[in-house]
Enquirer: 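Let me give you the structure first, and then I'll get to my questions.
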There are 2 protein chains.
Amino acid sequence: MARKAASAKDVAELAGVSRAAVSRCFTPGASLSPKTRERILQAADQLGYQVNRLASGLIRNETGIVALIAAEISTPYRSHLLSALTERLQQAGKVALMINTDRSDDSVEQALRHAISYRTDAAIFLSGMPARSLAETCLRNGMRLVLINRDEERPGSLRLRLDDAEAGRRAVALLLAAGCKRLGLASSAADTPSLTERERGFREAATAAGAEFIEERRGPTSYETGQELGMALLTQPNRPDGIFCTTDLMACGIIDVARWRFGIAIPDDLSLIGFDDIAQAGWEGYALTTFSQPIEEIAAKSVDWLISGEQKNEAEEVLLEPKLIMRRTVRQIYVSDTEDRRQQ
Amino acid sequence: MARKAASAKDVAELAGVSRAAVSRCFTPGASLSPKTRERILQAADQLGYQVNRLASGLIRNETGIVALIAAEISTPYRSHLLSALTERLQQAGKVALMINTDRSDDSVEQALRHAISYRTDAAIFLSGMPARSLAETCLRNGMRLVLINRDEERPGSLRLRLDDAEAGRRAVALLLAAGCKRLGLASSAADTPSLTERERGFREAATAAGAEFIEERRGPTSYETGQELGMALLTQPNRPDGIFCTTDLMACGIIDVARWRFGIAIPDDLSLIGFDDIAQAGWEGYALTTFSQPIEEIAAKSVDWLISGEQKNEAEEVLLEPKLIMRRTVRQIYVSDTEDRRQQ
DNA sequence: CTGAAAGCGCTTACAG
DNA sequence: CTGAAAGCGCTTACAG
């Protein structure tokens, strides 16, 4: 039993041409007479020939592989972004190598070494950061780096960020406009750049507005943490009536606790704003007012940058705007009762 | 600017040994004196050398890459499975190539061709099926195939299935035991092997028990379809009081519609059973009684089979049991009120 | 234990 | 337009 796929040599022999010719047949733009091309294509088809990307990658110094480096890849937001990225990559003729990390420097380094050993054309970081020295090694090898929502930059890389702080500020304004008297900030203890920025924006605006607020930060970024956050915030003697939660996943936990354990009416007795616009935020049971991450835009910009353009030595940076998605967890007091009905 | 990573040649020169020696240094079990190894390791470290898996894959006919072929990869169940698979693969020293399909034969074929061109050691199918002829080509090249929840088999491949029909049957029994008088079967129109089996088991058992039931099948497998299903089922003149929904995602949609649009109390006025045990099924707002897919077991069995063992010519098959997860969407009537309280 | 040499499957100047 | 030849970075018998 042959354990080898057909090679260019096999095709060449069958078609009665040189190995070079069959190579040209599969490299766009190479000169080849229509007749020869036809003969080669037919032979290739007959043999089930597929060019070996390992070999061609070795020669051309371009593998068509790009590494996706991320932690917690089954989380709603993360998996959505990964999906968008994978799809765009495929449309651009690239292929995605998924590498799971646990966010530790060690595992991120490990991931990047994997990427290097497969000579990926690029690496996209959704979690963690490559050490400066390793990043330089990558660049020297012609590998491109894109950093999504990371707080540092690396020379030669593309950095895509959201204006997280602005979202925190807008959340405060919104909550105050809804008549909330006592604000709450809920976040995980993950200390991820995006979360920290959202928190900072919130504190800044709340302080500037002279608003009273309390905050709770704990645990990993999860639904369960949301439940704990809800318990902590809602058992306070003077509990908040307007909460900004740095992540939808946690906000869902807060909503459930408020509703099912305390019977708190949302948005009448408690207004809540999340971040990410995960699918569940749009579910009827949550209808969460939140800020959406422009996932398709992030994915598009990332792969556009990867496939086009020359390598530069400065870092490029693009700042995207989260968009406010109004749903039904923030009380609307500006609209009178009758107008409210007319609007529906 | 050097655009090339350090190669074995560079390391060999720096360490004053042959290229063969540095190759041996990085292949487990190759004979090499401790002294030489030490010198090589040091040189490699200094140069930031990583063996080029493209070149080694070419020679050894083993790339360490395994393709994950799936549709709708950001769905809760799918992304969870993908995450487990990726993790196990990494632990086994392999790396995951993620390929997105849209389930059409065409895109599945495309995906497999991609896998072939990168000479992946294996392909794991979570969606779609490789055409018989293509599958044979793969096997001939020594590529291993694992099919998860697929209805056909392919010689030489591993097929992992769940006893979906049995779950459908158990759902009927459970609903009947809960005192439901009129059953409902809710499913998407996706015609996926797993769904069809779950439906079949339900119909079989319902018919055998002489139970009255209605069914609704429509749309893709999504939360939104669940909402439609809920509308269709709950607006019936004689609506069901016990529903088996072939997927948790859709079940969540049904719950929300029942609760928020019709004010139906769950489980008092409507019992509901799902399938998959996605994270949301465990959320406080749903607390969905459901069947769990043994995801970790599926992942473990898949990669164990891949890394160990000889290629055989018959297809192997393993049948896994979905496990009933009792939560709070099925009415409990066997337990008297006082006993009920004692149990808590 | 170690090295020289052949070979994996491709691409790409270089000539013609 | 086409082929012969060199070379990408590795591994692996084969000798010593």
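By convention in this document, chain letters (A, B, ...) are assigned in the order of the sequence lines, proteins followed by strands, and residues within each chain are numbered from 1. Given the structure is predicted, the values throughout are model-derived calculations rather than measurements.
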Enquirer: Report the nucleotide, chosen from D:dG3, C:dG3, D:dG9, that has the shortest atom-to-atom distance to any side-chain atom of B:Leu58.
Expert: D:dG9
Enquirer: What is the distance, to the nearest angstrom, from the CD1 atom on A:Ile59 to the P atom on C:dC10?
Expert: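 One finds 11 Å between P of C:dC10 and CD1 of A:Ile59, rounded.
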Enquirer: Considering just the side-chain nitrogens and oxygens of B:Ser23, establish if one lies under 4.0 Å of OP1 or OP2 belonging to D:dT12.
Expert: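 No, B:Ser23 has no side-chain N/O under 4.0 Å of OP1/OP2 on D:dT12.
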Enquirer: Once you apply a heavy-atom cut-off of 4.0 Å, does B:Ala8 come out as touching a base, just sugar-phosphate, or nothing?
Expert: sugar-phosphate
Enquirer: Determine whether more than 12 heavy atoms belonging to other residues, nucleotides or ligands lie under 6.0 Å from atom CG of B:Asp105.
Expert: no
Enquirer: Nearest to the side chain of A:Val17 - D:dT2, C:dC10, D:dG3?
Expert: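 Comparing D:dT2, C:dC10, D:dG3 against the side chain of A:Val17, the answer is D:dG3.
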Enquirer: Looking only at side-chain atoms of A:Ser7, point me to the closest of C:dT2, D:dA4, C:dG9.
Expert: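 Within the option list, the nearest is C:dG9.
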Enquirer: Mind calculating the distance between CZ (B:Arg19) and P (D:dG7) to the nearest angstrom?
Expert: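 About 12 Å, once rounded to whole Å.
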Enquirer: Decide if atom CG of A:Asp151 counts as having more than 12 heavy atoms of other residues, nucleotides or ligands within a radius under 6.0 Å.
Expert: yes
Enquirer: What integer distance in Å separates A:Lys9:NZ from D:dA5:C1'?
Expert: 16 Å
Enquirer: Expressed as a whole number of angstroms, how long is the span from B:Arg24:CZ to D:dC14:C1'?
Expert: 11 Å
Enquirer: Under a 3.5 Å cut-off for both distances, is D:dG16 Watson-Crick or wobble paired, and to whom?
Expert: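 The answer is C:dC1, by the H-bond criterion.
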Enquirer: Is it true that B:Arg150 and B:Glu152 have a side-chain N and a carboxylate O under 4.0 angstrom from each other?
Expert: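 No salt bridge links B:Arg150 with B:Glu152.
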Enquirer: What nucleotide among C:dT11, D:dT11, C:dC1 has an atom nearest to a side-chain atom of B:Ser31?
Expert: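 Within the option list, the nearest is C:dC1.
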Enquirer: Between B:Ala30 and A:Ala6, which residue's closest nucleotide on DNA chain C lies nearer the 5′ terminus?
Expert: B:Ala30
Enquirer: Please walk me through it: do B:Asp106 and B:Ser104 pass side chain to side chain donor-acceptor pair (under 3.5 Å)?
Expert: CA-CA 5 Å; B:Asp106 228 51; B:Ser104 73; 5.8 Å; no
Enquirer: For the CD1 atom of A:Ile116 and the CE atom of A:Met143, what is their distance to the nearest 0.5 Å?
Expert: 6.0 Å
Enquirer: May I have the distance from B:Asn61 (atom CG) to D:dC10 (atom P), rounded to whole angstrom?
Expert: 18 Å
Enquirer: How many whole angstroms separate atom CD of A:Glu62 from atom P of C:dT11?
Expert: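 So the two atoms are 12 Å apart, to the nearest Å.
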Enquirer: Would you mind reading off the distance between B:Arg60 atom CZ and D:dA13 atom P, rounded to a whole angstrom?
Expert: 12 Å
Enquirer: I want to verify a distance call: between C:dT11, D:dT2, D:dG3, whose nearest atom is closest to the A:Leu32 side chain?
Expert: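 For the A:Leu32 side chain, the nearest candidate turns out to be D:dT2.
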Enquirer: For A:Ser18 and D:dT2, is the shortest distance between a side-chain N/O and OP1 or OP2 below 4.0 Å?
Expert: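 False: A:Ser18 side-chain N/O out of range (4.0 Å or more) of D:dT2 OP1/OP2.
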Enquirer: If you count every heavy atom of other residues, nucleotides or ligands that lies below 6.0 Å from A:Gln42 atom CD, does the total exceed 12?
Expert: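 Open.
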Enquirer: Considering the options B:Lys94, B:Arg119, B:Arg144, which one meets the salt bridge (charged side-chain N to carboxylate O under 4.0 Å, His left out) requirement together with B:Glu62?
Expert: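 Between B:Glu62 and the candidates, salt bridge (charged side-chain N to carboxylate O under 4.0 Å, His left out) is satisfied uniquely by B:Lys94.
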Enquirer: Identify, residue by residue, the members of residues 38-54 of chain A with a heavy atom below 4.0 Å from DNA chain D, and return them in order of residue number, or none.
Expert: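 By residue number: none to list.
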Enquirer: How far does OG of A:Ser117 sit from CZ of B:Phe26, to the nearest 0.5 angstrom?
Expert: 11.5 Å
Enquirer: So if I take every side-chain heavy atom of B:Ser33 and compare against D:dC1, C:dT11, C:dC1, which nucleotide ends up nearest?
Expert: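 That would be C:dC1.
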Enquirer: For A:Arg119 and D:dG9, give me the distance from atom CZ to atom P, rounded to whole Å.
Expert: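 So the CZ-P distance, A:Arg119 to D:dG9, works out to 8 Å.
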Enquirer: Would you indicate what B:Ala20 reaches in the nucleic acid, counting non-hydrogen atoms under 4.0 angstrom: base, sugar-phosphate, or nothing?
Expert: base
